Q: 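Handing you a structure now.
Since we're looking at a predicted model, the values are computed, not measured.
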Amino acid sequence: MRPSARCFNFKALERIYLRHKSTSFIGLGRMGHEMALNLFSKQFAKNPEAYFIVCDAIPDTSRAFTEKFLGQFPGAKLAVATTPEEAALASQTIITMLPSSPEVKTVYIEGILPVLRKLPSEQARGTLCIDSTTLDISVAKQVAADVISTGAEMVDAPVSGGVTGAKAGTLSFLVGGSEASFVRSENILSLMGQRIIHCGGSGSGLGAKICNNMLLGVQQIVVGEAMLLGQRLGLEPAVLAGVINSSTGGCWASSVNNPLPSSLAGKSPPCERDYEGGFATALMLKDMGLAKVVAKQSKSPIPLGEAAEEFYERVIKEQPDLARKDFSSVYRYLKMISPLSSTPRLIHCLTGGLNTISRALAALLVPVDAEPLVSNRRQILSRPRYHVRDLHLAHIIVRDLLSRYIGAEFPKILANPLVEYRQANLTVPAVVASCFVPPEGQAPYDYVFDYTGEIRDDRTEMIQINTTLNISRLIGLEAAKYKVKAYVRIQLPFYDTGSSSKSQHTERDDIKPVNTVGIWWHETLRVLAAIEGLNLVVLRIGFVYGPYTNYGIVTSGITVASVYGYLKKPMKSMSRSGSLTYISHDADYFARWSPGKNPNNTVNVVDVAGAAWACAEWIASLGRTEANALAGEEIIFHNDKKKVKEVEGMPPHDQKLIAPLFNLVDDSNSTLLSIGEAITSYFGTTFEFFTFVENAAMKARRLTGDHVEEINEHHVSGWTEMITKSKPPIPNTPLSAYMDSFALAKHVAAFNNTKIKEIVGYRLKKPLFNHETIKEVIDKWKEEGSWPNLD
């Protein structure tokens, strides 16, 4: 039988013989949860008649804690308070562990203080408030003064030791308050920690904590730098960590919270769990901000502290997913901005880069088993007029390099002396400029292939501007400065071609970009088109798939279809007349793909690479003026007019901008239905539709908001079983059955590919999406050890 939360009359607790036996804990976050577990369990062991109250802003958090605690201690008297007032009324001892200053002010000023003022004087005098929040010292002092004015006692007792220390009960408490209040609080705090230090009067504990955390924040960055440097010097992580931890560089940031996996044998720092479960980077940024505030107030210089605060702020701005991860994840950011890797590593461009398009281009230009198209001798297929001295890959890095995938073949390409491989932060103008400077004695580069841009549609407008428009603009300006012969911009299909009745759209049709990501990808074309002297040609592609490509909606579809084939279940979709689709083997699991015959035009990555090279040679032989005359199209404004003044380099909304533009899709004229039927039949299953009754049930279920995670849990568990049972197992495959928001969204992309065939003369190498091309993709993945072998 599952334990249930005890319910008892809070008014009864006003009686002194119960209130003095009760302890309330307000704030059950990562730290508070573990602290309350330790405190209550030890108090219960000492006094089984004690009462315990928990309160959190999220009711489910309180209920979950109660279930867990009563499951371990069935006889305990534990209740949930729905408000801080109830918690204060119920208990003589009140501990708060809250996010920051605003929450402390709200809980105390609106909740606890009104109760203390209404209590009989002797009950107020018997109340002890302990606040373990790290907050602004001035706020802490004011709240403490207000509490003390009621006759109650209060101490600030921020902690050191992190979630690990909270769980183990080994925290250090830095206490500020009167001597008498410290003595009284010490008995409570010793049940949650090992070191209880009286730092002085009210606010002193926070002052000590802020100084400590400022030091820790700086140390963690420097430890990350040292560990990364050691990696580049060829040192084993455990060896370097051992040296540091037994030498003068030893510190908690290295010996306990080392940011590099495999550094601490027998220990499990957050880096071993993808930086989960530690002290969040956002909280460290908050603490660094507090240090900056008090340093300014006290006129104390903190140059390294200020630099560290700016660094954490930049980490969160550029990699928002690190905000909730342990602050040792700054190591991951350091690797991202690293200007050069000592060994070839995969760089993930914001467009998908080496796991979508770039590797195919590299394989075309510098094939492993054939003569390259580029050379130091400035020769290309016996046409010395057009050359690229070497293949120069410059990318902005956005994710952990350790998890990147480059396969078995691409390192051979990188080993070719013709290839210069760089990791570069292209948001920095000086870095972009450096990418165009050729080695001494060599001629400038002739062709630029621009694959940059933010592909996630859930990013903010500012990120889209900075990482799509601004990067391309910087690259385009440098390319124009160096008078490159060809600048090929790859444009992903962030457009809605479903608003028209036309089956396919030519380059001349005005099609609207989709959402923020589409608007700024489209605006990037206008910015590039406005750069004087830039030999720009735009290649607008369909949904890409093929060898080297382990990202995108087609790749996701292939992977998920294999799961259904493995499970011997059909993919099911909602009826063709609906506006949304859910694919699954039954009504419990479903993903959101649009129904039936909406166009999802595809293109093989081999043709993206081939067409990009063909377009580069085409415009290099003509120049921009003649290219515009032959293939120029107006890039129509689809943005907010007010943005023109706000965004640097954005041309006026009424400026007519012309650039050569080509659609690139295969000849399949693929739809969702045709893709679904092709991939499911390849894996021996079917693509079906739900009945009317099932559709209605599915739509009703969709409203619960849980369907996306349920379908992903189903897909991922099936895929995990497949890669585990593979011979051999392939736990590190980059392929995933998880479908992100873009893969689950409705897509309508229908492009006519006649123009590139007629003007550039390009002929598709992979004209159809069918079993043959799917097999080629699977075979390549198998060859590189990325696809399960279940034969």
Q: Could you check whether D287 and T134, counting side-chain N and O atoms only, form a donor-acceptor pair closer than 3.5 Å?
A: no

Q: To the nearest 0.5 Å, what is the distance between CD (E179) and CZ (R184)?
A: 15.0 Å

Q: Would you compute the distance between atom OG of S132 and atom CG of L171 and round it to the nearest 0.5 angstrom?
A: 8.5 Å

Q: With side-chain contact (heavy atoms from CB on, under 4.5 Å) as the criterion, how do I94 and I112 come out once you've worked through the C-alpha distance, each side chain's angles and the decisive distance to 0.1 Å?
A: CA-CA 9 Å; I94 304 165; I112 296 174; 4.0 Å; yes

Q: State whether a side-chain donor-acceptor pair under 3.5 Å links S254 with N245.
A: yes

Q: Can you confirm whether M97 sits close enough to H33 that some side-chain heavy atom of one is under 4.5 Å from a side-chain heavy atom of the other?
A: no

Q: Check the side chains of R19 and T127 for a donor-acceptor pair under 3.5 angstrom, ignoring hydrogens and angles.
A: yes

Q: Does the gap between the ring centers of F25 and F52 come in under 6.0 Å?
A: no

Q: Could you walk me through whether I519 and N515 pass the side-chain contact (heavy atoms from CB on, under 4.5 Å) check?
A: CA-CA 6 Å; I519 288 172; N515 300 329; over 6 Å; no

Q: Are S22 and S91 linked by a side-chain donor-acceptor pair shorter than 3.5 Å?
A: yes

Q: Taking NZ, NE, NH1 and NH2 as the nitrogens, is one of them in R526 or E523 under 4.0 Å from a carboxylate oxygen of the other?
A: yes

Q: Does any part of the side chain of F40, heavy atoms only, come nearer than 4.5 Å to the side chain of V54, both counted from C-beta?
A: yes

Q: Could you give me the CA-CA distance, side-chain angles and deciding distance for D131 and T96, then say whether side-chain hydrogen bond (donor to acceptor under 3.5 Å, both in side chains) is met?
A: CA-CA 5 Å; D131 181 36; T96 51; 2.7 Å; yes

Q: Check this for me, if you would: do R456 and D321 make a salt bridge, where the nitrogen-to-carboxylate-oxygen distance has to be below 4.0 angstrom?
A: no

Q: Report yes if some heavy atom in the side chain of I463 is under 4.5 Å from a heavy atom in the side chain of E318; otherwise report no.
A: no

Q: Taking atom types as modelled, is there a side-chain donor on E648 or N470 under 3.5 Å from an acceptor on the other?
A: no

Q: Does E309 offer a backbone N or O that forms a donor-acceptor pair with the side chain of K292 under 3.5 Å?
A: no

Q: Kindly compute the distance separating CD (E34) from OG1 (T164), expressed to the nearest 0.5 Å.
A: 9.5 Å

Q: Report yes if some heavy atom in the side chain of M650 is under 4.5 Å from a heavy atom in the side chain of K645; otherwise report no.
A: no

Q: Does the side chain of T82 come under 3.5 Å of the side chain of E86 through a donor N or O and an acceptor N or O?
A: yes

Q: Could you check whether any side-chain N or O of S24 sits under 3.5 Å from a backbone N or O of A87, counting only pairs where one atom can act as donor and the other as acceptor?
A: yes

Q: Using a strict cut-off of less than 4.0 Å between a Lys/Arg side-chain nitrogen and an Asp/Glu carboxylate oxygen, indicate whether D60 and R63 qualify as a salt bridge.
A: yes

Q: Let's go through D326 and E276 carefully: what are the C-alpha distance in whole Å and the side-chain angles of both, what is the deciding distance for side-chain contact (heavy atoms from CB on, under 4.5 Å) to 0.1 Å, and is it a yes or a no?
A: CA-CA 6 Å; D326 182 76; E276 296 290 346; over 6 Å; no

Q: Parallel under 30°, tilted from 30 to 60°, perpendicular over 60°: which one fits the rings of F327 and W252?
A: parallel

Q: Any side-chain heavy-atom pair from T281 and S329 closer than 4.5 angstrom?
A: yes

Q: Consider only side-chain N and O atoms of S472 and D450, and report whether a donor and an acceptor are under 3.5 Å apart.
A: yes

Q: Check this for me, if you would: do E153 and R125 make a salt bridge, where the nitrogen-to-carboxylate-oxygen distance has to be below 4.0 angstrom?
A: no

